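The sequence lines fix the lettering, A, B, ..., with proteins before strands; numbering per chain opens at 1. Keep in mind that the numbers below use all heavy atoms, side chains included, and drop hydrogens, waters and symmetry copies. Here the structure is a predicted model, which means the values were calculated and not measured.
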Amino acid sequence: MSVLIFVDHIDGHIKKASHEALSYGAKIAEQTGTTAEAVILGTVNDDLEKLGEHGVKKVYQVQNEQLQQFDSQVYTKVIAQVAQQSGAKVIIFSNNSSGKALAPRVAVRLKAGLAAGVNALPDTSNGFTVRKTVFSGKAFAQVAIDTEIKVLSLNVNAFTIITGEGKAEVIPFDAIVESPKLKTIDSTKTSGKVSLTEADVVVSAGRGLKGPENWGMVEELADTLGAALACSRPVADAHWRPHNEHVGQTGIAIAPNLYVAVGISGAIQHLAGVNRSKVIVVINKDPEAPFFKAADYGVVGDAFEIVPKLTSAIKKLKGQS
Amino acid sequence: MKILVCISKTPDTTAKIAFTDNNTKFAEAGVQWIINPYDEWYSLVRAIELKEKDPSTIINLVTVGGADAEPIIRKALALGGDEAIRINAEPLESYQVASLIAEIARNGNYDLVLTGKETIDYNGGAVGGLLAEVLDLPYIANATNLQVNGSTATVKREIEGGEETIECPFPLVLSCQKGMAEARIPNMRGIMAARTKPLKVVDPSPVQTLTKFSEFQLPPAKQGVKLVSPDNVDELVRLLHEEARAI
Ligand SMILES: Cc1cc2nc3c(=O)[nH]c(=O)nc-3n(C[C@H](O)[C@H](O)[C@H](O)COP(=O)(O)OP(=O)(O)OC[C@H]3O[C@@H](n4cnc5c(N)ncnc54)[C@H](O)[C@@H]3O)c2cc1C
Ligand SMILES: Nc1ncnc2c1ncn2[C@@H]1O[C@H](COP(=O)(O)O)[C@@H](O)[C@H]1O
C-alpha cells in the first residue's frame, strides 16, 4: 500500500506545485501509516534523491523518448502501470495544467473516485473525506470518496512545502509506452517572468487605470515585489492586457500569499477568483468600493499617486535604493 | 464534422452562496440559473463559429439534468446548435455525468467533444478528462484556441507561464476557456428557431457514483480592512512586512 505522487516538471526542473504535492502526499502517508512514493515521467536536471526531503521513500522514473511529448492519454497509461505495481491507494496530482488533464483520466483507468481541487489533508478517521473549494472559492465542500483507490488533485499554493531530512531511492521503471497522438508544434512563454497560478505575490489592476498605457507603474511594482501580473475581466476584454492575466470566476483562480488590487472595484465575480489569497491589499479612490470589504489592508486614494510611492517604499525596505 | 457540446446549468455568478439541510445542500431558493459561462461563451460559441465557416457541421448539445435544466438547454439552442439531448438524471458527481455523456458520445460518432474548463459551482474541471478516458480519446484541457484543418485540430492550451500549440487528429475531447471565442447574446431569430429545434429526452442507464459531497462550509469572514492613509504608504509596507509577513 502506498501514496503515489505525480511529479511534474518543465524546462528540466520540478515545478513548485509538485514540491507542494510531494509534501502533502508524504503527510497523508504518515497519517495513514503507509509509505509515500513518487512517479516522474521523463528526465530532469534536479536531483531526484532529494525528493526524500519531503518524505517520499521511492521515486519511480520512467524514461522513454515518447514521453517528451505531453499526451494525457499516453501518460495516463504509464502512471496507471506504476500505480498498479506499487499498490498505490491514494494518487496525488497538482491541480495545474498537467494535473487537470491527468487526474480524471487516471481515476477512470483505476476505477478510483476523484476529488479535484482539494486544499486540506483528508480525514481518514472514518472512511475518506477531503475538503475542496467550490463555488469559485466562495465555499468549501467535504467530498467523501467511496472507492478503494482515491485520486486527489491539490490546489496550487494550498499546502506549505515541508522540507526535512531524507534521501529517496530512485528506481527506473520499465513501462509500456504508446506513441502519442498529440504533437506540440510551438510553445511560447508569456510576457510575465513569474507564472500567475504559482506566484506568491500577484499585482493586479483594473479599469481604474484608464488605459493600457498606464501599466508601466503596475509592472514596476510587480517587478519590485517579484510578483506576477493579473487584471480584471473588462481590462482583458478591452485588450488592454492579454487574456491569460484575467483572474476571477470566469478567468484564472489564484491563491497567492499576497494580492495587491489597484483600481479594481471588487465585483463578486472578480472576488471569486482571488478570495483565497492569504493577504489582500486594495488601492481604490472610492472608499465605498466593495473590494475593501474583502481586503486586509486598504488605501483610499488615487492609484497614480500611491502606486509609485508604494514601489519606492518597498525598494527602500528591500534595500534597493 | 460532428460536434458534441456539453452544457451544464449553474447558479448565476452573483447568486448568494448558502446551504440548507444541515449544510448538506446548496440553498437554491431564489437562485437564478444560467448556462455555465465556460460552456456558453467558449465551447458553444466556438462550435457555432466552426459551423458558420463550414455549414455542413452538425452541432449537438447534451446536458445531464432534470426538467429544470430545460430552459438552459433551450437558451443554448437559441445561441446555435442543431439539436439537444437531455439525459434525464440529477447530476450528482462528475463520474456519473461523464459516464452518461460517454454513452451519447459513443453512439453519435462525434469528431469533437467540447466541455467547459469547469463548472462554476462544483469546480470539478473533471468531466472532460473523465469522458476522454472512458472513450479512450486524446484530451486537451484548458484550450484557448481551436482551428480545424481537414482531419487535424490545432489547439492552443495554457500552461504555467506560457502557451503551447498542439496538433491532434480527430476525434478528440477539449475543455475550453477564455480565448476560444467571444461571448455572444442570442438574437430574436435564434430564440424563435430554438422553439422548433429537436430536444430529445433520454432516460439514463444505471451508472455508478464514486464520490459524494457530504458537507459544505462557508469560509470564515474577513477581520475587516485596516486602512492606511495615502500619505503614509511606508506604514502599509511596514504592516505588510512585520504584521502580515507578506513581503
Ligand atoms: C457572468 C460574469 C462573469 C464575470 N467574470 C469576471 C471575472 O472572472 N473577473 C473579473 O474581474 N470580472 C468578471 N466579471 C465582471 C465584473 O462583474 C466587473 O464588471 C469587473 O470585475 C469590473 O472590473 P474593474 O473593477 O476593473 O472595473 P470597474 O468596476 O469599472 O472599477 C474600477 C475601479 O477603479 C476605481 N478607480 C478609478 N480611478 C481610480 C484611480 N485613479 N485610482 C484608484 N482607483 C480608481 C474605481 O473607484 C472603481 O472601483 C464578470 C461579470 C459577469 C456578468
Ligand atoms: N450536468 C452536466 N451536463 C452536461 N455537461 C456537464 C454537466 N456537468 C458538467 N458538464 C460539462 O463538463 C464541464 C466541466 O464540469 P466539471 O467537471 O463539473 O467542472 C462543464 O463545463 C460542462 O461542459
Side-chain angles (χ1 to χ4, degrees), chain A residues 72-73 76 96-97 100-101 104-105 108-109 113-117 129 133-136 138-147 181-190 195 197-198 225 243-244 246 249-251 257-258 268-269 279 292 294-295 297-301 306 309-310 313-314 317, chain B residues 13-14 17 37-38 41 94-95 120-126 129-130 132-134 136-142 144 157-169 178-179 210-219 222-223 225-228 230 233-234 236-237 239-241 244 246-247:
Chain A
S72 61
Q73 200 177 9
T76 295
N96 65 0
S97 61
K100 280 181 178 149
R105 297 198 78 132
V108 168
R109 197 141 188 100
L114 164 73
T129 59
T133 43
V134 286
F135 296 96
S136 311
K138 288 179 232 168
F140 300 118
Q142 293 290 340
V143 182
I145 308 181
D146 301 330
T147 46
K181 294 201 187 97
L182 265 54
K183 190 168 152 221
T184 302
I185 54 170
D186 190 27
S187 86
T188 49
K189 291 245 172 290
T190 38
S195 131
T197 44
E198 295 190 320
L225 284 166
H243 65 74
N244 52 33
H246 157 197
Q249 188 148 22
T250 52
N257 217 2
L258 174 64
I268 187 161
Q269 298 93 352
V279 178
F292 285 117
Y297 300 97
V299 188
V300 179
I306 295 160
K309 278 205 235 168
L310 182 58
I314 294 164
L317 172 82
Chain B
T13 52
T14 57
I17 306 304
Y38 290 106
W41 300 350
S94 49
Y95 181 72
I120 61 165
D121 45 8
Y122 296 105
N123 301 128
L130 295 168
E133 188 62 24
V134 173
D136 199 16
L137 289 179
Y139 174 56
I140 301 173
N142 295 8
T144 56
R157 76 160 180 141
E158 206 146 278
I159 55 167
E160 285 72 37
E163 195 171 56
E164 283 181 352
T165 309
I166 303 161
E167 280 179 355
C168 181
K178 192 172 174 124
L210 308 180
T211 62
K212 187 170 166 254
F213 286 96
S214 55
E215 196 193 348
F216 295 94
Q217 301 140 356
L218 291 170
K222 281 265 175 192
Q223 296 286 313
V225 59
K226 222 176 231 185
L227 288 178
V228 178
V233 175
D234 284 344
L236 174 64
V237 173
L239 286 168
L240 288 176
H241 184 58
I247 56 176

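- Side-chain atoms of A:K138 never come within 3.5 Å of backbone atoms of A:I268 as a donor-acceptor pair (strictly under, hydrogens ignored).
- Both the backbone and the side chain of B:Y122 come within contact range of chain A, with heavy atoms under 4.5 Å apart.
- At a threshold of 4.5 Å between non-hydrogen side-chain atoms, the residues A:I145 and A:T147 count as touching.
- Checking each of B:V237, B:L240, B:D234 against A:L317 for a side chain to side chain contact (heavy atoms under 4.5 Å, CB included) leaves exactly one that passes, namely B:V237.
- In this structure, the side chain of B:E158 does not engage the main chain of A:S97 through any donor-acceptor pair within 3.5 Å.
- For chain A, the nearby parts of B:D121 are the backbone and the side chain; heavy atoms of each come within less than 4.5 Å.
- For a residue to count as touching a neighbouring chain, one of its non-hydrogen atoms must lie under 4.5 Å from one of that chain's; by this rule B:P37 touches chain A with the side chain only.
- B:I140 touches chain A through its side chain: at least one heavy atom from C-beta onward sits under 4.5 Å away, while N, CA, C and O do not.
- Looking at A:Q249, the atoms closer than 4.5 Å to chain B (heavy atoms on both sides) sit in the backbone and in the side chain alike.
- Listed options B:I247, B:V134, B:L137 were ranked by heavy-atom pairs under 4.5 angstrom with chain A; first place goes to B:L137.
- With chain B as partner, the option from A:T188, A:T129, A:N96 having the largest number of non-hydrogen pairs under 4.5 angstrom is A:T188.
- Note: A:T250 leads A:T197, A:T250, A:L114, A:L225 in heavy-atom pairs under 4.5 Å with chain B.
- If you measure heavy-atom distances from A:T76 to chain B, the contacts under 4.5 Å come from the side chain alone.
- With chain B as partner, the option from A:G301, A:A101, A:A116 having the largest number of non-hydrogen pairs under 4.5 angstrom is A:A101.
- Side chain of B:N123 to main chain of A:S136: a donor-acceptor pair is present (N/O by atom type, distance under 3.5 Å, no hydrogens or angles).
- Atom NZ of A:K183 has 12 or fewer heavy atoms from other residues, nucleotides or ligands within 6.0 Å.
- Both the backbone and the side chain of B:I159 come within contact range of chain A, with heavy atoms under 4.5 Å apart.
- Both the backbone and the side chain of B:L227 come within less than 4.5 Å of a heavy atom in chain A.
- Note: A:A141 leads A:A115, A:G117, A:A141 in heavy-atom pairs under 4.5 Å with chain B.
- Proximity to chain A (any heavy atom under 4.5 Å) is shown, for B:K226, by both the backbone and the side chain.
- Interface check for chain A: of the options B:L130, B:T14, B:L218, the most heavy-atom pairs under 4.5 Å are formed by B:L130.
- With hydrogens and angles ignored, the 3.5 Å screen pairs no side-chain donor or acceptor of B:T211 with any backbone N or O of A:G113.
- Just one of A:I185, A:L182, A:D186 meets the side chain to side chain contact (heavy atoms under 4.5 Å, CB included) condition when paired with B:I166; it is A:L182.
- Only the side chain of B:Y38 has a heavy atom closer than 4.5 Å to any heavy atom of chain A.
- Proximity to chain A (any heavy atom under 4.5 Å) is shown, for B:Q223, by neither the backbone nor the side chain.
- Under a cut-off of 6.0 angstrom, the local environment of NZ in A:K309 is crowded, with over 12 non-hydrogen atoms contributed by other residues, nucleotides or ligands.
- Residues A:V300 and A:F292 are in side-chain contact: their nearest non-hydrogen atoms beyond the backbone lie under 4.5 Å apart.
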Worked check of side-chain contact (heavy atoms from CB on, under 4.5 Å) between A:F140 and A:T133:
CA-CA 4 Å; A:F140 300 118; A:T133 43; 3.7 Å; yes

